[in-house]
*Asks:* 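First the structure, which I've put down as C-alpha cells, then a few questions once you've had a look.
Letters A, B, ... mirror the listed sequences (proteins, then strands); counts begin at 1.
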Amino acid sequence: MKTIERYNPRVEEPRWQKAWADAKSFEVSNSDPREHYYVLEMFPYPSGRIHMGHVRNYAMGDVLARYKRARGFNVLHPMGWDAFGLPAENAAKQTGSHPKAWTYANIDAMRAQLKSMGLSFDWSREFATCDVDYYQRQQKLFLDFLKAGLVTRKSAKVNWDPVDETVLANEQVIDGRGWRSGAIVEQRELTQWFLKISDYSEELLSAIDGLTEWPDKVRTMQRNWIGKSEGLRLLFELVPSPLTAATSIEIFTTRPDTIFGASFIALSPDHPLAAELASANPAIRDFIAEFHRQGTATETLEKAEKSGVFTGLRVVHPTRPGETLPVYVANFVLMEYGAGAIFGCPAHDQRDLDFARRYGLNVIPVVLPPGADPATFAVGSEAYVGPGTAYHSEFLDGLDVDAAKKEIARYFGARAVDNRPQGVVETNYRLRDWGISRQRYWGCPIPVIHCPTHGIVPVPDADLPVRLPDDVTFDKPGNPLDHHPTWKHVSCPICGTPSRRETDTMDTFVDSSWYFARFTAPEAAAPTIPGIANSWLPVDQYIGGVEHAILHLLYSRFFARAMHKTGHLGMDEPFKGLFTQGMVVHETYKDAAGEWVLPADVVLEGMGDSRRARLAATGAPVEIGSIEKMSKSKKNVVDPDEIVRTYGADCARWFMLSDSPPERDVQWTEAGIEGASRFQQRVWKLVQDSIQLAELPASGETPTAEIDAIRKLTHRVVKTISDDIEGLRFNRAVAQIYELTNGLGKFSATLEAAPSANGVAALRESVQTLVQLTAPMMPHLSETCWTALGRKGMVADAPWPEADPALLVESTVTLAVQVNGKLRGELVVAQDTPREEIERQALSLEAVARILDGKAPKKIIVVPGRIVNVVA
RNA sequence: GUGGGCGUGAUGGAAUGGUAGACAUACGGGACUUAAAAUCCCGGGGCUGUAUAGCCGUGUGGGUUCAAGUCCCACCGCCCGCACCA
C-alpha cells in the first residue's frame with residue numbers, strides 16, 4: 001500500500017468554506033415548499049473575539065441544522081449581532097473610539113472567526129441590532145405597542161447603577177449589584193418608560209405548561225419569577241388617633257385563615273403612612289433612615305435581624321371586637337409586594353415569630369397540626385406552617401386551611417370598612433412591569449417627543465427612523481444624547497412648538513426580544529411580514545446559555561404576545577424547543593507571584609496527585625487551581641483562533657460535541673483536542689485505505705457472515721445516530737461514530753490481508769455512510785472524503801442515509817442468564833425460540849445446573865430478547 | 001431558608017427496571033524504528049499471587065421487585081436558581 005498523506009485542515013477548511021459560499025449552500029428561500037425548520041442559537045454580543053462557549057453553542061446548532069437539511073427540511077439557520085450596549089460606550093470613554101466604529105469593527109472580526117468555523121449559517125440574512133434598518137423597525141414596534149396600550153410612563157423607584165450611570169431592570173440586579181458593573185445599586189425616583197409585561201402575568205405563567213420542549217429547570221425558574229400568590233386584601237380599622245387622619249390600614253395576606261392569631265400590624269419603611277408618621281416622630285424617622293442605609297449598603301440583607309419600631313397607632317382586631325393590635329414599622333416588609341403592609345401571625349409565620357419574640361408580642365396558635373393535641377400543642381422557636389385544622393378561631397374551628405381561607409374571605413367580603421368591602425380576594429404577582437428607559441447613547445432611541453402643550457407625542461411613522469447622531473462626546477457623565485447641542489431640540493409634530501425629543505434609549509433586552517422574528521424577513525419594510533414569520537415561527541430549536549433562562553426568554557415570550565396583539569405575528573410562543581447548553585470550563589493556573597497564567601504558557605507533566613505545571617518559558621513552577629468557567633479575568637481561556645490554526649475547526653467542533661453531555665459543563669483539555677485530531681486522521685486514513693483496497697487485485701471472497709456483520713453495524717449506527725442528533729445527545733452520536741470507525745478499521749485490516757471484491761464493495765459503502773454521518777460534526781473533513789470517494793457534488797447537499805429496517809433485526813439474540821438476579825452465563829438463541837426451549841437451554845447451562853444442584857427452580861422469568869432469570 | 005439538579009473506574013462519561021462501566025482520555029505491555037514522534041496490537045473497577053473460577057462493587061442506610069445505578073423513604077455531600085413575596 002502507498003503511504004497516505006495526512007489530512008490537512010489548514011488547506012481543506014478554507015477551500016470548503018469558499019465552496020459552500022459560492023454555491024450559496026445555506027441560503028434559504030422563504031418560498032421553498034419543503035417543510036420548514038428553524039434552528040437558532042442565541043446571537044452574540046460583538047465583544048471583539050469569539051470564545052469557546054460560542055464554539056460549543058454554534059457547533060451544536062450547526063449539527064442540528066446540517067442534519068435537518070440532509071433530512072430534507074428547508075432549514076433556516078441565521079446569525080446576527082446583539083450589538084447595542086454599554087461596553088461600546090465604555091470603550092469610547094477609554095480609547096476614544098466611536099461606539100459605532102468599535103462595534104462594527106468587532107462584528108467584522110467575529111464574523112471572520114465564525115466563518116472559519118464552517119458553520120452553515122445563511123449569512124445573507126445577517127443583521128446587527130444597531131443597524132438603522134433594524135432599530136427603525138423596533139421604533140415602529142414601540143409606537144404600535146404604545147397605541148395598543150402596552151407601554152406606560154410612570155414615576156417609579158428604579159435601580160440606579162452609579163458606575164454605569166443608568167437604570168437597571170429588577171432582573172439586572174443580582175444580589176443588590178448591577179449585573180454588568182457589579183456596583184451596589186441605589187434606589188432613585190425617576191419617570192420611566194415601561195412595557196406592561198405584568199398585563200400578561202397570568203398568560204405567561206399558564207402558557208409555561210405548554211412549553212413541553214423546554215427544560216423543566218427553566219420552566220420552574222420562570223414560574224417562580226412570575227411568582228403568583230392568591231390571598232386577601234384586608235382593611236384594618238384604625239383606633240382614632242391624633243397622629244394621622246387615616247382611618248384604616250390595608251394589608252395583603254395569603255393566610256387570612258390565621259386572622260384569629262394576629263398579634264400585630266407591620267408597615268414597610270417605604271409605606272406612605274410610615275413616612276407621614278416619621279415627620280412627627282424622630283424614632284420612626286431614624287429607623288427608616290437606618291433601613292435605607294442598610295438596605296443598600298449591606299449585601300447581607302438576608303441576615304439582618306427582624307426589627308421594627310412601634311408607631312403609637314393601634315388597629316381594631318377585625319374578628320375580636322374590643323381587642324386592638326399595635327402597628328409597627330418593620331424592616332422585613334416590602335413596599336413593592338402586596339399592600340406594603342401585613343398582619344403578623346407569629347404562630348404560623350417564621351418572620352412574624354422572630355419579630356414577636358423580640359418585641360414580646362403574643363403567639364397564639366390557630367392551626368392545629370394533624371394528630372396534635374389542642375391542649376398541649378405550642379409553638380416554640382419554629383412557626384408551624386404546615387396543614388391542619390383551625391382552632392381558637394370561633395366560627396372557623398374545625399375547618400382545614402383551604403376551607404378556612406374561603407370562609408374568612410366570605411366573612412370579610414360581606415363586611416365594610418370605610419364604605420368598602422373589608423376583604424377582597426386578590427391574586428398577586430411578583431412580576432413587575434419592564435422598565436426599558438436607559439440614559440445611554442448606544443441604544444435604540446425611544447421615538448417620542450415631549451411637547452409643552454400636547455405632552456407625550458409619538459414620532460409619526462413617516463418620520464422614522466429616529467437616528468442616533470454620530471457626533472457625540474463621552475467626556476461627561478450621564479447621557480451623551482442629552483448633552484448633544486441640537487439633537488433633542490425638535491418641533492412638536494402636532495403644533496410645531498419647540499419641543500424636546502426623548503433622550504432615553506431602550507434597554508438592549510428589547511433588541512433581543514424579537515430578532516428571531518426579523519430573521520424570517522430581514523429586508524422587510526415593516527418589522528415582519530406576518531405570513532412569512534408565521535411560516536417559520538415558532539423557532540423549532542433554540543440553543544443558548546441557561547443564564548438567559550429568565551430575562552431574555554421571558555421578555556421574548558412577552559414580545560411575541562405583544563407583536564401578536566399588534567398584528568406583527570400570529571403566535572404567542574416564540575420558541576417551541578429550548579436547549580440550554582453547559583459552559584466550557586478549564587483549569588486555572590497561578591504563578592509564584594499569585595498572578596493568573598494562560599494555559600498556553602503552561603507545560604503540564606505527571607498524572608494524578610503528582611501532576612505538576614510549570615511555565616513554558618522559564619520552567620518556573622505554576623500552581624494548578626480549580627476548574628472554572630473560562631473567563632478573561634482568570635486567564636483560563638483558550639483562543640478558538642489558535643485552536644483552528646493548530647488543529648482545524650472540525651477538531652474544535654468535534655471535541656466540543658464529544659465527551660460531555662451537552663447540557664453539562666465540558667472541560668477543555670489538551671488531551672481532548674489531541675484526541676479529536678487523531679480521530680480526524682483515522683477517518684481520513686480509513687477512507688484512503690478503502691480507496692487503495694479497490695485498486696488492489698481482488699482474490700477470493702469474504703464470507704457472507706462478515707459482510708452482513710459490517711452492514712448491520714453500519715445500519716444500526718445510522719439509526720442510533722439519527723435518534724441521538726434528534727434528541728441533541730451529541731456525545732452519544734460521537735461515541736457511535738467512534739464505534740463504527742473502529743469496526744470499519746478492523747474490517748479494512750482483514751481485507752488488506754485478503755482483498756475480495758465483495759468485501760471491498762461493502763467497505764466502500766460503509767465508509768461512505770460513515771462520511772455522511774460525520775458530516776454534521778466535521779463538515780470540512782467529510783467534504784474532502786466525499787470527493788476522494790469519487791462522489792459528485794457535496795455532502796452538504798446529499799440526503800441523509802436511511803437505515804434499512806431489514807438490517808436492524810438480528811436473527812439471533814444473546815440472552816443473559818441469571819440465577820437469583822446474578823449473572824451466571826449467556827445463551828445465544830434464534831430470535832423466535834419458544835419460551836420452553838429457552839428455559840430448557842438456560843437450565844442446562846453448567847453454571848446454572850451447578851447452583852441448582854439437582855433441585856427444581858421455583859420460577860423462571862424470561863424477558864424476550866433480554867434476559868432469563870432462574871429463581872432458585 | 002426554598003425550589004431544582006447531580007453523586008458510577010485514575011478522568012470525561014454510557015446504561016427503555018433486565019449482562020454496570022459503551023465510547024473517549026490517562027496509564028501499562030508489545031510491534032514497527034538506529035532513536036523519538038506518529039501508527040498498529042493487547043490489557044485495563046477492586047480483591048482472591050495465576051483465573052477457563054469465585055467474591056465484592058454505581059455517596060451512606062433501609063425498602064419495593066424474580067431483577068435496582070435506575071423506583072420509594074431517610075441521611076451525607078456537591079452544583080445551580082430564587083430569596084424577608086406575607
*Asks:* Provide the Watson-Crick or G-U wobble partner of B:rA53, both distances under 3.5 Å; none if there is no partner.
*Replies:*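 B:rA53 is paired with B:rU48.
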
*Asks:* Tell me whether the centres of the aromatic rings in A:Tyr647 and A:Phe655 are closer together than 6.0 Å.
*Replies:* no

*Asks:* Tell me the interatomic distance from A:Leu823, atom CG, to B:rG69, atom P, rounded to whole angstroms.
*Replies:* 13 Å

*Asks:* Determine: side-chain N/O of A:Arg430 to OP1/OP2 of B:rA83, distance under 4.0 Å, yes or no.
*Replies:* yes

*Asks:* Please classify the nucleic acid contact of A:Val863 as base, sugar-phosphate, or nothing, using heavy-atom distances under 4.0 Å.
*Replies:* base

*Asks:* To the nearest Å, how far apart are A:Glu846 CD and B:rG54 C1'?
*Replies:* 13 Å

*Asks:* One thing to verify: whether A:Arg682 and A:Asp689 come together as a salt bridge, which I'm taking to mean a side-chain N less than 4.0 angstrom from a carboxylate O.
*Replies:* no

*Asks:* Just to confirm, is there a sub-4.0 Å distance from OP1 or OP2 of B:rC55 to any side-chain nitrogen or oxygen of A:Arg824?
*Replies:* yes

*Asks:* Think A:Asn742 has a side-chain N or O under 4.0 angstrom from the OP1 or OP2 of B:rA24?
*Replies:*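 True: A:Asn742 side-chain N/O within range (under 4.0 Å) of B:rA24 OP1/OP2.
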
*Asks:* Ignoring backbone atoms, test whether A:Tyr738 places a side-chain nitrogen or oxygen under 4.0 Å from the OP1 or OP2 oxygen of B:rA24.
*Replies:* no

*Asks:* How far, in whole Å, is B:rG13 from B:rC6 if one measures between their P atoms?
*Replies:*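 It works out to 13 Å between them.
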
*Asks:* Rounded to whole Å, how long is the line connecting atom CZ of A:Arg664 with atom C1' of B:rU8?
*Replies:*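 Atom-to-atom, A:Arg664 to B:rU8, this comes out as 11 Å.
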
*Asks:* Between A:Glu674 and A:Arg678, is the closest basic N to carboxylate O distance under 4.0 Å?
*Replies:* no

*Asks:* What nucleic acid atoms does A:Arg682 come within less than 4.0 Å of, heavy atoms only: base, sugar-phosphate, or nothing?
*Replies:* sugar-phosphate

*Asks:* Which whole-number value in Å describes the distance from A:Lys217 NZ to B:rG4 P?
*Replies:*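 Distance check: A:Lys217 NZ to B:rG4 P gives 13 Å.
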
*Asks:* Determine the Euclidean distance between corresponding P atoms of B:rG69 and B:rG57; express it in Å to zero decimal places.
*Replies:* 10 Å

*Asks:* Need the pair for B:rA74. Rule: Watson-Crick or G-U wobble, both distances under 3.5 Å, any strand; none if unpaired.
*Replies:*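 When the pairing criteria are applied, B:rU60 turns out to be the nucleotide that pairs with B:rA74.
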
*Asks:* Mind checking the C1' distance from B:rA68 to B:rC73? Whole angstroms is fine.
*Replies:*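 Straight-line distance between the two C1' atoms is 15 Å.
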
*Asks:* Which part of the nucleic acid, if any, lies within reach of A:Ser658 when heavy atoms closer than 4.0 Å are counted: base, sugar-phosphate only, or nothing?
*Replies:* nothing

*Asks:* Can you tell me if A:Arg6 has over 12 outside heavy atoms packed within less than 6.0 Å of its CZ?
*Replies:*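 Check fails, neighbour count at 12 or below.
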
*Asks:* Would you check if the distance from the ring center of A:Trp654 to the ring center of A:Tyr738 is below 6.0 Å?
*Replies:* yes

*Asks:* As a test of reading the structure: which of B:rG3, B:rA53, B:rG12 is closest to the side chain of A:Ser660, going by heavy atoms?
*Replies:* B:rG12

*Asks:* Is the phosphate of B:rA14, meaning OP1 or OP2, less than 4.0 Å from a side-chain N or O of A:Asn731?
*Replies:* yes

*Asks:* Please determine, for B:rG81, whether a Watson-Crick or G-U wobble partner exists with both distances under 3.5 Å, and give it or none.
*Replies:* B:rU2

*Asks:* For nucleotides B:rU58 and B:rA22, find the distance between their C1' atoms and express it as a whole number of Å.
*Replies:* 15 Å

*Asks:* Taking the C1' atom in each of B:rA35 and B:rC42, what is the distance between them to the nearest angstrom?
*Replies:* 24 Å

*Asks:* Between B:rU19, B:rG3, B:rC40, which one does the side chain of A:Ala816 approach most closely?
*Replies:*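 Within the option list, the nearest is B:rU19.
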
*Asks:* Counting heavy atoms from C-beta on, name the nucleotide in B:rU25, B:rU19, B:rC84 closest to the side chain of A:Ala671.
*Replies:* B:rU25

*Asks:* Just how far, in rounded Å, is C1' of B:rC6 from CG of A:Asp665?
*Replies:*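 The answer, rounded to whole Å, is 12 Å.
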
*Asks:* Is the number of heavy atoms from other residues, nucleotides or ligands under 6.0 Å of A:Lys719 NZ greater than 12?
*Replies:*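 Counting other residues, nucleotides and ligands, NZ of A:Lys719 stays at 12 neighbours or fewer.
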
*Asks:* Can you check the A:Ile867 CD1 to B:rU65 C1' distance for me, whole Å?
*Replies:*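 After rounding, the gap between these two atoms is 13 Å.
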
*Asks:* Starting at atom CD of A:Glu426, determine the distance to atom P of B:rA86, rounded to an integer number of angstrom.
*Replies:* 12 Å

*Asks:* Give a yes/no answer on whether the side chain of A:Lys822 brings an N or O atom under 4.0 Å of OP1 or OP2 in B:rC56.
*Replies:*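 Answer is yes, contact under 4.0 Å.
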
*Asks:* B:rG17 and B:rG30: how far apart are their P atoms, nearest whole angstrom?
*Replies:*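 45 Å, rounded to whole Å.
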
*Asks:* Under 3.5 Å, is there a donor on one side chain and an acceptor on the other for A:Asp433 and A:Ser198?
*Replies:*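 A:Ser198 and A:Asp433 do have a side-chain donor-acceptor pair below 3.5 Å.
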
*Asks:* For B:rC23, which nucleotide is its Watson-Crick or G-U wobble mate, given both distances must be under 3.5 Å?
*Replies:*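 Checking every strand shown, B:rC23 finds its partner in B:rG12, with both distances under 3.5 Å.
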
*Asks:* Is A:Arg866 side chain donor-acceptor paired with the B:rU16 base, going by distance under 3.5 Å alone?
*Replies:* yes

*Asks:* Kindly label the base of B:rG4 as syn or anti, based on whether its glycosidic torsion lies within 90° of 0.
*Replies:* anti

*Asks:* Out of B:rA67, B:rU19, B:rG81, which nucleotide sits closest to the side chain of A:Glu826?
*Replies:* B:rU19

*Asks:* Describe, in one word, how the ring planes of A:Tyr359 and A:Phe355 are oriented to each other, choosing from parallel (under 30°), tilted (30 to 60°) and perpendicular (over 60°).
*Replies:*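 Geometry flag for A:Phe355 against A:Tyr359: tilted rings.
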
*Asks:* Could you tell me whether A:Val817 contacts a base, only the sugar-phosphate backbone, or nothing, with contacts defined as non-hydrogen atoms closer than 4.0 Å?
*Replies:* nothing

*Asks:* Tell me: CZ of A:Phe730 to P of B:rA14, nearest whole Å?
*Replies:* 14 Å

*Asks:* Output the single nucleotide from B:rC82, B:rG12, B:rG81 whose closest atom is nearest the side chain of A:Trp225.
*Replies:* B:rC82

*Asks:* For the side chain of A:Arg678, counting heavy atoms from C-beta on, which of B:rU25, B:rG3, B:rU19 is nearest?
*Replies:* B:rU25

*Asks:* Using a cut-off of less than 4.0 Å, is there contact between a side-chain N or O of A:Thr669 and OP1 or OP2 of B:rU25?
*Replies:* no

*Asks:* Rounding to the closest angstrom, what is the interatomic distance between B:rC41 and B:rG45 at atom C1'?
*Replies:*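 It comes out at 23 Å once rounded to the nearest Å.
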
*Asks:* Considering only the C1' atoms, how many Å lie between B:rU11 and B:rC27, rounded to the nearest integer?
*Replies:*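 The same atom, C1', in both gives a distance of 11 Å.
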
*Asks:* Would you call A:Arg716 and A:Glu739 a salt bridge, taking side-chain N to carboxylate O under 4.0 Å as the test?
*Replies:*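 A salt bridge is present here (some side-chain N lies under 4.0 Å from a carboxylate O).
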
*Asks:* Is A:Gln667 touching bases, backbone alone, or none of the nucleic acid, heavy atoms closer than 4.0 Å?
*Replies:*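 The residue A:Gln667 makes no contact with any strand.
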
*Asks:* Now, which nucleotide makes the Watson-Crick or G-U wobble pair with B:rG17, with each of the two distances under 3.5 Å?
*Replies:*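 In the structure as shown, B:rG17 has no Watson-Crick or wobble partner.
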
*Asks:* Check every atom of B:rC82, B:rC23, B:rG18 against the side chain of A:Glu739 and return the nucleotide holding the closest atom.
*Replies:*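 For the A:Glu739 side chain, the nearest candidate turns out to be B:rC23.
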
*Asks:* Do A:Lys306 side-chain and B:rC84 base share a donor-acceptor contact under 3.5 Å?
*Replies:*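 Answer is yes: a donor-acceptor pair is held.
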
